[in-house]
Protein chains: 2
Amino acid sequence: MTVAAAARAAKSGEDAGGLSEGMLGGLLGYRLRRAQLKVFEDFLASFAPLGLKPAQFSALVLIAANPGRSQREIAAALGIQRPNFVAMMDEFERRALARRHRSQTDRRSHALALTEAGEALLRQGRTIVAAHEARIAARLNETERAELMRLLALLGPAAAD
Amino acid sequence: MTVAAAARAAKSGEDAGGLSEGMLGGLLGYRLRRAQLKVFEDFLASFAPLGLKPAQFSALVLIAANPGRSQREIAAALGIQRPNFVAMMDEFERRALARRHRSQTDRRSHALALTEAGEALLRQGRTIVAAHEARIAARLNETERAELMRLLALLGPAAAD
DNA sequence: TATTGTTATACTCTATAACTATA
DNA sequence: TATAGTTATAGAGTATAACAATA
């Protein structure tokens, strides 16, 4: 569709197929969901060569930024249930991207750390994620991108007390 | 945590547990995902009394705004695979919220429409969703909310040609 | 031949209960 | 008693192939 047609459709609340969005277009939650699906789609394609999914990339970044932390701490920070993080760590160890070390102070917990291979993959990931971010924000200028980040941060985290 | 502590944590890239977010805090995709999880959480709690999940509410809104459209059309507009929309329509019919009518022009397709009960439930939904939206945007003023909607719309839909 | 709705199926994500070893 | 990691499992959500009816 042309830019003019898109503008007309947006104004009338219709999409490409001629369907009316009804009130959906005015809902933050709906727009958020649609935007997120689009972003994940691009992320998945971008990171397929590295064999990393969004949650795995987040986990590697977090382990790298917080070496020695436990599985519970990393999982909690990512909003992943502890049982579901076990399989992810298993795969990281299988691929030699991260290691579980027995904690010296509490033998129940595992001190996590990236391997050299993990650090190397993460360096590649940082390059790829930069291109990915540029692509998804292609229709935003730098001011708009910063403002979007700020507003999302206001929406996302728990309220300060 | 106090507002001052939160501000300090945000500046240093740390969360409530003292973990560094690393580069995650600077990624649109990450902020988008976290914000969306929070929004869905509130939506789920808000709509539990109506027995509606986000995808179901979206479907009811879309059917109401586009009566007579086919399952393929509604599903495509929502980004749902056609096979997966069958079970949703089955439940709508079981709960007498929507009906499948044989199309007069193409006997393969179903013309969808809400029942009176469906319209009534949707009216309740509109009230609830308004309160929900107000809650999730509580820390945004009206200008900020409008700007967030605009920026998300730029992110979400396919590029105009 | 192509399309609509459907069935069957599989794969991923997510959530919970319960076990073990440590504390 | 409580906690960290783990196992097992169950429920959503999502994706594809193939079939019957119809175009």
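Chain letters run A, B, ... following the sequence lines, proteins first, then strands; residues in each count from 1. In this text the structure is predicted, and so the values were computed from the model without any measurement.
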Value in whole Å for how far the C1' atom of C:dA15 lies from CD1 of A:Ile80: 13 Å
To the side chain of A:Pro83, which of D:dA8, C:dG5, D:dT14 is closest? D:dA8
Among C:dG5, D:dT16, C:dC13, the one nearest any side-chain atom of B:Gln71 is C:dG5
Below 3.5 Å, does any donor atom in the side chain of A:Arg107 face an acceptor in the base of C:dT22, or the other way round? no
Between A:Arg108 and A:Asn84, just flag the one whose closest nucleotide in DNA chain D comes earlier from the 5' side. A:Arg108
Here the distance between atom C1' of C:dT7 and atom CD of B:Gln81, to the nearest Å, is 15 Å
Are more than 12 heavy atoms, taken from residues, nucleotides or ligands other than A:Glu41, located less than 6.0 Å from that residue's CD atom? no
Do you see a donor-acceptor pair shorter than 3.5 Å between the side chains of B:Arg135 and B:Ser46? yes
For B:His110 and C:dT3, give me the distance from atom NE2 to atom C1', rounded to whole Å. 13 Å
With no angle test and no hydrogens, is the base of D:dA4 tied to the side chain of A:Asp106 by a donor-acceptor pair under 3.5 Å? no
Looking at every strand, decide which applies to B:Ser70 at a 4.0 Å heavy-atom threshold: base, sugar-phosphate, or nothing. sugar-phosphate
Using heavy atoms to find the nearest nucleotide of DNA chain D for A:Phe85 and B:Thr105 separately, return the residue whose nucleotide is more 5′. A:Phe85
Closest approach of B:Arg100 and B:Leu112, non-hydrogen atoms and distance? CG-CD2, 3.8 Å
Take atom CD of A:Glu119 as the centre, draw a 6.0 Å sphere, and report whether it contains more than 12 heavy atoms from other residues, nucleotides or ligands. yes
